[in-house]
Amino acid sequence: FLQQKEGLIPSFMRIIKEKYSYANTVYYVRIKGIWRKLKSSDIVYMETNNHHILFHMENGQVYKKLANFNSLTPPIESNGDLFQCHKSYVVNGRYIKGMVQNSFIMTDGIKVSISKPNRKDAKNFFSQCIMKGYLEQ
């Protein structure tokens, strides 16, 4: 069978839909018996600590969930704005202010480590963030 190339309009609509779905990705956290929705667009970075994930939010709050990165639904890989730069850290490209050799500098001033095996992918991710215009905000 012949495969047809995707037209310009469907291609553009697919890209818009993907970008919109990233912004609307949510993670659920139970805090004092109440389930909260955390929008991925509001998460500055996540870190693991003693079998918990700490969600560091844009407003400065930190939420804690008993889980690991592999157990998150939806998975981190499905969100183009999130990047696991270290076994203990996931950053949101929307909140990266800069990058030094082995760390991302977040908008709140925190340095998030990049593991040695992830440095090449981290540079590519940082370049994508620049292309998306996130560092200009």
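Sequence positions, counted from 1, serve as the residue numbers for this chain. Atom set for the values below is all heavy atoms of this structure, side chains included, hydrogens, waters and symmetry mates excluded. Bear in mind that the values here come from a model prediction, so they are computed numbers and not experimental data.
Between Asn118 atom CG and Phe83 atom CZ the span is 5.0 Å, to the nearest 0.5 Å. Annotation: the span from Ser127 atom OG to Met99 atom CE amounts to 8.0 Å, rounded to 0.5 Å. Rounding to the nearest 0.5 Å gives a distance of 9.5 Å between CZ of Arg94 and CG of Leu82. A distance of 8.0 Å separates CG in Asn92 from SG in Cys129, rounded to the nearest 0.5 Å. Rounding to the nearest 0.5 Å places NZ of Lys116 at 9.0 Å from CD of Gln101. Atom CD1 of residue Ile43 and atom CG of residue Leu38 lie 5.5 Å apart, to the nearest 0.5 angstrom.
At a threshold of 4.5 Å between non-hydrogen side-chain atoms, the residues Tyr28 and Lys37 count as touching. Proximity of Ile53 to Tyr27: side-chain heavy atoms (C-beta onward) are nowhere separated by under 4.5 Å. Using a 4.5 Å heavy-atom cutoff, the side chains of His86 and Ser115 are in contact. Counting heavy atoms from C-beta outward, His56 and Asp108 have side chains that stay 4.5 Å or more apart. Side-chain contact between Thr48 and Phe69 is present, with at least one heavy-atom pair separated by less than 4.5 Å. When side chains are defined from C-beta on, Phe125 counts as touching Phe104, because their heavy atoms get closer than 4.5 Å. The shortest distance between side-chain heavy atoms of Tyr63 and Lys65 does not fall below 4.5 Å.
Of all heavy-atom pairs spanning Lys111 and Ser103, the tightest one is CB-CB, 4.3 Å. Across all their heavy atoms, Asp42 and Tyr95 have their closest contact at CA-OH, 3.8 Å. Nearest heavy-atom pair, Leu66 versus His51, reported as atom, atom and distance to 0.1 Å: CD1-O, 3.2 Å. For the pair Lys39 and Met57, the tightest heavy-atom approach, listed with the atom from each and the gap, is O-CE, 4.3 Å. Closest approach of Gly80 and Lys132 over heavy atoms only: O-NZ, 3.4 Å. When every heavy atom of Val112 is checked against every heavy atom of Cys85, the shortest pair comes out as CG1-SG, 3.8 Å.
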Tell me, with the steps shown, if Phe126 and Ile96 meet side-chain contact (heavy atoms from CB on, under 4.5 Å). CA-CA 8 Å; Phe126 186 68; Ile96 294 175; 3.7 Å; yes
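Residue Val26 is grouped with residue Trp35 when hydrophobic side chains (ILVMFWY) are merged at heavy-atom distances under 4.5 angstrom, including chains of intermediate members. Hydrophobic clustering keeps Leu54 apart from Val90 (ILVMFWY residues linked when any side-chain heavy atoms are closer than 4.5 Å, directly or through intermediates). Hydrophobic clustering keeps Ile130 apart from Ile105 (ILVMFWY residues linked when any side-chain heavy atoms are closer than 4.5 Å, directly or through intermediates).
A side-chain donor-acceptor contact under 3.5 Å links Asn68 to the backbone of Ser71.
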